[in-house]
Amino acid sequence: MFKSTLLLALATAVTARKCQNLNIPISISATNTAFNLPPPATDIDVANLLINFAEDSTNFFKSILVGPKNVSGHYSIGATYCQPDHGPGKALQILTHGAGFDRSYWDLSFNSHNYSYVARAVDEQGYSTFSWDRLGISASSKGDAVNEIQQPLEGAALEKLSMLLRDGSIRGISAKFDKFIHVGHSFGSALTYNFIHANPDFSDAAILTGFSQVGNFVTSFLLGGNYGAVKDNAVLAAKYPRGYIAPKNPTGVQIDFFAPGDFDPKMLANAFAIGQPSAIGEFLTIGSNDANDFKGHLYIVTGDRDLPFCGGSCYDTTAIQGAFPDLLAASKPNFPSAASFNTTIVPGGGHGLNMGYSHKDTYDSMFNFLSSY
Ligand SMILES: *[C@@H]1O[C@H](CO)[C@@H](O)[C@H](O)[C@H]1NC(C)=O
Ligand SMILES: *[C@@H]1O[C@H](CO)[C@@H](O)[C@H](O)[C@H]1NC(C)=O
Ligand SMILES: *[C@@H]1O[C@H](CO)[C@@H](O)[C@H](O)[C@H]1NC(C)=O
């Protein structure tokens, strides 16, 4: 049941990191939301569903809502642990990817790992990293795409993995840490947001990337992504059950994740090639509590031209009636207990921050933040 492979990853001129792929068994439970919705099986079903959702999300939601439902299960989680070649890093960063990708988002091999966040975090900054495929995605167990693979159960997986890491009880990771930093992207930031609320003392710091709490722009993302049914997708159909959806071509990925002028066309092709689908249950349950009890240092980093979370400009405050100088700052009142709160809007950056030319600015700002407290 348990497999691990030791692999020596990328050797740079001066340092090498040691990375290990893991399959981690977990037992979890959560209160999901039950929906009366057949999993969309065809491209036409998917488009119908997204149109219904986009046109009137409140009534659509009401029409399919059944109510809260407790779910539990035994699952296997695909993950990668990395540390500097000389030993465990100064803290463990727990990296949670967003919709559309898997844990490789944090360690992109494109252009000789030039875009890799893990390469910088481990080789240059001396951290250990733990990246995981969210429950339901890629090397992790799949499940019912409507009523099982949802935010609450995925959040329970993040919580369980964090506890196992703190206890030093994951087979294959001998290092034990007492200092943690939770980092998310997009849907992974929403999971991270809820984790640090429920566990306010766990992490010294948290970084929410590709994120805001202004929900006005989700429909652009849903309609812009050119989503189709995974069962109509030659590559993904073998790996995922009915009810998962994915962009049908690179244009959908471009619209949802890339800002004009901020990307190498070869990176867009790569992003499409490594892309993973989303369970429809994830889109139906995404959300982050308004008030957050987190006590550590909190940082939000989002591209100025992020489509789903800023509508293409984080400085356009129309959606919040100008109540804050920008859309990221609007989260500040939600962190009354945080040791510090700061934000960075990456100039020219899109939603898929790690994939843009601007990734260097993104990472610089994250490491500046981490060295500032
Ligand atoms: C779910 O489980 C919790 C705790 O065991 C319980 O309090 C709650 O009533 C259950 N909810 C449902 C919908 O069954
Ligand atoms: C990536 O490549 C760019 C341009 O060639 C270079 O300026 C940058 O330092 C490289 N970054 C890394 C982390 O290797
Ligand atoms: C917030 O981050 C910016 C960089 O985006 C930095 O210039 C500034 O000093 C930080 N503010 C605080 C209070 O740490």
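Note that the numbering runs from 1 along the sequence shown for the chain. Order of appearance sets the numbers: ligands from 1, and atoms from 1 within every ligand. Only this structure's heavy atoms are used, side chains among them; waters, hydrogens and symmetry mates stay out.
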Which atoms of ligand 3 sit under 4.0 Å from any heavy atom of T344?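 The atoms of ligand 3 under 4.0 Å from a heavy atom of T344 are 4 (C), 5 (O).
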So, do R120 and Y363 sit near enough that their side-chain heavy atoms are less than 4.5 Å apart?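 Yes, close enough: below the 4.5 Å cut-off.
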Would you please indicate if the ring centroids of Y299 and Y373 are separated by under 6.0 Å?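 No, they do not, as the ring centres are separated by 6.0 Å or more.
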Identify, for [atom], the protein heavy atom at the shortest distance, and state residue, atom and that distance.
{"atom": "atom 1 (C) of ligand 1", "result": "N70 ND2, 1.6 Å"}
{"atom": "atom 13 (C) of ligand 1", "result": "P68 O, 3.6 Å"}
{"atom": "atom 2 (O) of ligand 3", "result": "N342 ND2, 2.4 Å"}

Testing Y115, F110, Y105 for ring-ring contact (aromatic ring centres under 6.0 Å, His included) with H359, which one passes?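 Among the candidates, only Y115 passes.
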What is the distance from atom OG of S203 to atom CD1 of I94, rounded to the nearest 0.5 Å?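 Nearest 0.5 Å value for the OG-CD1 distance: 6.0 Å.
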Looking at atom 5 (O) of ligand 3, is any protein heavy atom nearer than 4.0 Å to it?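 It does; a protein heavy atom is within 4.0 Å.
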Is atom 11 (N) of ligand 1 in close reach of the protein, with a heavy atom under 4.0 Å away?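 Given the 4.0 Å cut-off, atom 11 (N) of ligand 1 counts as touching protein heavy atoms.
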Verify side-chain hydrogen bond (donor to acceptor under 3.5 Å, both in side chains) between Y193 and Q213, making sure each step is shown before the conclusion. CA-CA 10 Å; Y193 188 99; Q213 291 179 274; 3.1 Å; yes
Answer yes when R17 and D85 have at least one side-chain N-carboxylate O distance shorter than 4.0 Å, and no when they do not.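 No, R17 and D85 are not salt-bridged.
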Close N or O approach (K69, ligand 1; < 3.5 Å):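 No; the residue has no nitrogen or oxygen that sits under 3.5 Å from a nitrogen or oxygen of the ligand.
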